[in-house]
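Side chains are part of it too, since the values below use all heavy atoms of this structure and drop only hydrogens, waters and symmetry mates. Residues: numbered from 1 along the sequence shown.
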Amino acid sequence: MWDHPGPGEEPPRARPPRWRRALPVVVCAVLAGVLVFVVAGLHGGSGGTVRAADQAPRAPRDGAAALGVRDNPLLTSRAVLTPVACELPAFSGELPRLRAYYHAGLRCLDAAWRPVLDRVGARFAPVRVTLIDEPSTRCGALPPAAEATGLYCDLDGTIYLPYGRVLDSLGVTTEAHLATLAHEYGHHVQQLSGILGMANRELDAYAPGSPQDHELHRRVELQANCFAGLFLASAAGRGSISAADAEAAVEDFRNWVDSDTHGDNETQLRWARAGFAGGTVATCDTWNVAPAEVR
């Protein structure tokens with residue numbers, strides 16, 4: 001589940017997060033065919049619900065209208081990301097240097113996205129990244145290494161990319177790391193703007209694993225690809241990210257594994273390219289396009 005608990009509430013710990021129980025949102029790195037989960041904690045409090053596998057779903061509604069994403073200020077403002085000159089250290093697979101590279105990348109992502117989020121009235125909060133191999137998260141344990149590279153947890157504002165898994169999955173190709181970090185930050189932008197909360201509420205309308213459930217996941221994930229493209233365009237040819245580096249990172253989305261929850265390779269690449277070429281955040285509105293556009 002994507003929603004934060006209410007003030008002062010802790011998510012129930014007796015169950016795994018509903019989002020993972022239903023169907024995880026994943027980022028796939030083709031170099032090892034491994035997955036990255038995007039997970040949030042269960043909604044706490046008396047108003048929270050847990051969807052059991054055998055629970056009858058409510059009648060499906062029109063996704064965009066029911067979610068309210070159509071009116072989300074982030075997508076209707078036609079805002080443009082701030083051009084940024086990222087000063088990144090030399091890339092290396094060595095743990096201290098890779099950590100420094102990620103931390104510098106997040107500072108640059110903050111600089112590009114914060115003005116847009118401020119403009120639409122979203123409360124900004126930075127996201128952290130950790131490369132600890134056996135992390136403890138508020139969203140629960142990481143899935144086994146054979147199933148996932150890591151996870152993004154909104155309850156503690158952290159992207160978890162365990163070091164061993166990251167190297168096995170992404171290798172030491174700069175573009176793969178840039179694409180993954182920018183995509184994961186895209187989920188953070190969705191969380192801060194309320195899009196993930198809206199999508200989470202819509203999940204209750206659909207049976208886990210149903211075509212509608214898969215389509216909703218694809219709309220979330222493909223938008224994160226597009227947000228990654230927006231960032232890469234804002235940084236291309238400035239500072240440490242050359243135009244060639246940025247384009248290679250966008251093209252890396254072609255390598256991500258086909259998935260019912262992400263779309264096929266060409267669709268994943270097309271949305272990343274749309275962000276890279278489109279200019280405005282409205283370009284990344286995956287909610288008001290036909291299902292064929294998010295297949």
Side-chain angles (χ1 to χ4, degrees), residues 1-4 11-12 14-28 33-43 47-72 75 139-140 143-144 146-148 151-154 183-184 186-187 190-191 193-227 253 256-271 284-295:
M1 183 171 176
W2 285 316
D3 289 64
H4 285 290
R15 301 175 185 267
R18 181 176 66 176
W19 180 249
R20 189 186 304 167
R21 293 176 67 240
L23 186 67
V25 174
V26 293
V27 175
C28 306
V34 200
L35 309 177
V36 175
F37 283 67
V38 179
V39 181
L42 274 171
H43 194 291
T49 58
V50 176
R51 183 175 63 199
D54 58 353
Q55 179 179 341
R58 297 196 295 271
R61 301 164 297 202
D62 174 74
L67 287 170
V69 177
R70 185 190 308 277
D71 300 318
N72 188 288
L75 300 181
C139 294
E147 299 177 8
L151 66 81
Y152 164 73
C153 175
D154 79 321
H183 173 100
E184 288 302 304
H187 288 306
Q190 290 171 322
Q191 175 64 22
S193 64
I195 290 172
L196 286 188
M198 295 171 185
N200 183 71
R201 290 187 287 275
E202 180 65 8
L203 280 176
D204 282 333
Y206 307 128
S210 67
Q212 299 95 329
D213 183 79
H214 284 164
E215 181 184 313
L216 178 62
H217 284 73
R218 291 195 298 274
R219 291 184 189 275
V220 171
E221 289 295 332
L222 293 168
Q223 183 173 61
N225 284 17
C226 190
F227 283 173
F253 285 97
W256 291 21
V257 175
D258 286 353
S259 167
D260 288 337
T261 58
H262 275 64
D264 61 35
N265 296 127
E266 290 305 314
T267 303
Q268 294 188 59
L269 176 60
R270 179 164 52 80
W271 279 101
C284 297
D285 183 2
T286 58
W287 304 96
N288 294 302
V289 297
E293 298 298 311
V294 291
R295 58 191 173 87

Item checked: Reported CD-to-OG1 distance for the pair Gln223 and Thr286, which is rounded to 0.5 angstrom -> 4.5 Å
Next item on the list: List the atom of His214, the atom of Gly209, and the distance in Å for their closest heavy-atom pair.
Entry: CE1-O, 3.5 Å
Margin query: Please check this pair: side chain of Asn72 against backbone of Ser193, looking for a donor-acceptor N/O pair closer than 3.5 Å.
Written below: yes
Next item on the list: Return yes if some donor-acceptor pair links the side-chain N/O of Arg219 with the main-chain N/O of Val289 below 3.5 Å, else return no.
Entry: yes
Check: Gln268 side chain to Gly263 main-chain N or O, any donor-acceptor pair under 3.5 Å?
Finding: yes
Margin query: Donor-acceptor pair, distance only, cut-off 3.5 Å: does the side chain of Asp264 make one with the backbone of Asp258?
Written below: no
Notebook entry, point to check: Which heavy atom in Ala224 sits nearest to a heavy atom in His183, and how many Å separate them?
Noted result: CB-CE1, 3.5 Å
Note to self: Looking at every heavy atom in both Ala199 and Val220, which two are closest together, and how far apart are they?
What the structure shows: CB-CG2, 3.9 Å
Margin query: So, taking the atom named CD in Glu215 and the one named CG in Asp260, what distance separates them when rounded to the nearest 0.5 Å?
Written below: 12.0 Å
Next item on the list: Looking only at non-hydrogen atoms, find the nearest pair between Arg218 and Val294 and report the distance.
Entry: NE-O, 2.5 Å
Notebook entry, point to check: Atom OG1 of Thr261 and atom CG of Leu216: how far apart are they, to the nearest 0.5 Å?
Noted result: 11.0 Å
Notebook entry, point to check: Roughly how far, to the nearest 0.5 Å, is the CD atom of Glu202 from the CE atom of Met198?
Noted result: 12.0 Å
Notebook entry, point to check: How long is the gap from CZ on Arg295 to OG1 on Thr267, to the nearest 0.5 Å?
Noted result: 5.0 Å
Next item on the list: Looking only at non-hydrogen atoms, find the nearest pair between Leu203 and His217 and report the distance.
Entry: CD2-CE1, 3.7 Å
Notebook entry, point to check: Do you see a donor-acceptor pair shorter than 3.5 Å between the side chains of Glu184 and His187?
Noted result: no
Checklist line | Atom pair CH2/CG of Trp287 and Leu75 - distance to nearest 0.5 Å | finding: 9.0 Å
Item checked: Shortest non-hydrogen contact between Gly186 and Phe227, atoms and distance -> O-CD1, 3.7 Å
Check: With under 30° as parallel and over 60° as perpendicular, where do the rings of Trp256 and Phe253 fit, or are they tilted in between?
Finding: tilted
